[in-house]
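These notes are about the structure you will find just below.
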Amino acid sequence: MRRVVVTGMGAITPLGLNVEEFWKSLKEEKTAFGEITKFDTTEYKVHLAAEIKGFQGKDYMDFKAAKRMELFCQYAVAAAKEAMEQSGLCMEEEDPYRVGCSIGSGIGSLQTIEREHKKLLEKGPGRVNPLMVPLMISNMAAGNVSIQFGLKGKSLNVVTACASGTHCIGEAYRSIQVGDADVMMAGGAEASITPVGIAGFTALTALSTSKDPKRCSIPFDKERDGFVMGEGAGIVVLEELEHAKKRGAKILAEIVGYGATSDAYHITSPAEDGQGAARCMENAIKESGVKLEEIEYINAHGTSTHHNDLFETRAIKNLFKNHAKHLKINSTKSMIGHLLGAAGAVEFITCVKEMEEGYLHRTLGYQVPDEECDLNYITEHAIEKRIEYALSNSLGFGGHNASLLIKCFE
């Protein structure tokens with residue numbers, strides 16, 4: 001199999017509109033939680049979200065192009081622009097049919113659905129926007145990124161709810177491994193802080209109803225009561241190793257393992273014994289040839305819902321046995337909330353930055369220990385430590401599990 005490396009990263013997040021700003025905010029232990037400003041939440045049980053502030057699509061692309069994209073696509077294109085620039089990839093020097101795209105979105109544009117449904121009811125079917133469908137559908141993040149940068153190779157949109165971003169990076173990795181592409185732009189994008197988005201997840205009892213920004217997204221804490229909705233995008237440039245070396249690219253990290261399984265259990269709850277997620281992590285680690293004892297760090301899915309945090313903890317214990325107690329585990333969602341289809345991609349970027357700088361961020365908000373969640377979730381202070389491997393987990397509604405094993409490049 002061909003080796004696959006990371007040469008560029010881009011992020012649009014609630015804590016920063018580029019990777020360095022986002023990373024700086026993580027190190028300063030900032031959180032992005034506040035009152036929802038996108039619509040009136042007076043009648044809602046949920047009032048907090050992690051909104052992106054100060055983003056303007058026209059700052060990253062042609063104004064007319066931005067007008068033909070909904071917010072999740074604008075986030076994707078903006079993050080892809082940063083990733084492309086960091087990678088130094090010049091499309092004029094590449095075979096465009098060897099450069100592909102694998103970018104997912106769990107939901108697509110709820111804004112389009114809300115807006116056009118209102119028109120349908122108030123003004124009739126003849127007033128619905130002719131572009132409603134291409135504005136709405138989730139594959140348009142990949143489509144728009146491909147169009148903006150001239151990527152004519154394989155173009156994918158893996159939709160696995162909260163695991164979408166991780167699966168998209170994993171499938172891009174596989175595509176390069178087996179020779180389907182030399183370069184892939186990969187990740188996820190989401191923008192679901194809308195009336196129906198918040199109402200739907202609230203009805204599912206998935207969202208935190210806390211009104212305290214410091215006690216809303218609290219992964220692994222006994223008082224956790226749901227996740228906080230975030231938004232944004234994370235995009236990375238993946239390359240075949242020799243291709244990257246030939247053009248003198250700076251290599252940020254290497255992907256050495258990818259696992260994907262299904263719980264085949266329940267449409268929203270992970271399997272209670274954690275076996276699906278455990279097998280997923282095991283597959284990623286086995287592919288790398290690394291021993292379980294060599295893994296020191298996991299960036300957990302860690303949503304702050306009761307079931308996820310408990311069952312993910314069980315999964316880690318099931319796989320690592322006694323070594324689980326020696327693992328360092330954190331949840332980036334404790335600072336930016338849950339970016340749904342973009343979560344895994346932004347967390348992948350977090351892992352790469354942590355490995356680069358030898359710094360594992362703290363899981364914020366944690367106060368009350370849970371007897372069943374008894375591992376080291378890095379709750380007291382950040383850890384300065386060089387790690388060779390980072391395992392990033394994502395678990396999605398429908399029982400979708402995805403794990404990526406990232407290695408310091410040598």
Side-chain angles (χ1 to χ4, degrees), residues 45-46 49-50 72 103-110 113 136-139 141 156-171 187-194 196-209 217 219-220 224-234 259-281 299-315 331-333 336-348 392-404:
K45 293 179 181 177
V46 169
F72 79 104
I103 299 175
S105 176
I107 295 177
S109 178
L110 292 176
I113 296 171
M136 170 188 72
I137 50 183
S138 64
N139 70 295
L156 304 175
N157 168 42
V158 180
V159 182
T160 48
C162 312
S164 298
T166 301
H167 274 130
C168 279
I169 295 173
E171 294 304 316
E190 206 78 81
S192 296
I193 304 175
T194 75
V196 74
I198 298 297
F201 280 102
T202 301
L204 193 60
T205 66
L207 296 181
S208 171
T209 56
S217 183
F220 306 106
R224 65 192 183 275
D225 71 333
F227 71 81
V228 177
M229 184 84 81
E231 58 179 346
T261 64
S262 173
D263 286 344
Y265 173 70
H266 190 273
I267 58 172
T268 58
S269 173
E272 294 183 12
D273 59 7
Q275 286 294 341
R279 183 63 175 268
C280 185
M281 291 185 282
N299 187 296
H301 190 53
T303 60
S304 186
T305 62
H306 176 269
H307 281 10
N308 175 89
D309 296 1
L310 173 58
F311 301 157
E312 187 174 10
T313 296
R314 288 178 182 172
S331 171
T332 307
K333 293 180 181 72
I336 60 171
H338 194 348
L339 276 57
L340 305 182
V346 171
E347 289 156 13
F348 179 95
S392 183
N393 288 339
S394 292
L395 317 175
F397 283 173
H400 306 287
N401 305 309
S403 296
L404 288 164

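The chain is numbered in sequence order, starting from 1. Source: prediction; values computed, not measured.
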No-hydrogen, no-angle side-chain donor-acceptor test under 3.5 Å, [X] and [Y]:
X      : Y      : value
Thr160 : His167 : yes
Asn299 : Asn393 : no
Glu190 : Ser105 : yes

- Item | Non-hydrogen atoms of Phe227 and Thr305 that approach each other most closely | N-CG2, 3.8 Å
Please round to the nearest 0.5 Å and tell me the distance separating atom [atom1] of [X] and atom [atom2] of [Y].
X      : Y      : atom1 : atom2 : answer
Thr268 : Asn308 : OG1   : CG    : 11.5 Å
Met136 : Ile107 : CE    : CD1   : 13.0 Å
Phe72  : Ser192 : CZ    : OG    : 9.0 Å
Ile169 : Ser164 : CD1   : OG    : 11.0 Å

- Message: Salt bridge check, Arg224 against Asp309: does any charged N sit closer than 4.0 Å to a carboxylate O?
- Response: yes
- Query: Under 3.5 Å, is there a donor-acceptor pair between the side chain of Glu312 and the main chain of Gly274?
  - Reply: no
- Task: Would you check if the side chain of Asp263 reaches a backbone N or O of Tyr265 as a donor-acceptor pair within less than 3.5 Å?
- Result: no
Side-chain contact, heavy-atom cut-off 4.5 Å: [X] with [Y]?
X      : Y      : value
Lys333 : Ser304 : no
Phe220 : Thr313 : yes
Ile103 : Asn157 : no
Val196 : Ile113 : no

- Query: So which of Ile198, Thr209, Leu207 actually passes side chain to side chain contact (heavy atoms under 4.5 Å, CB included) with Lys45?
  - Reply: Thr209
- Query: Do His266 and His307 have ring centres separated by under 6.0 Å?
  - Reply: no
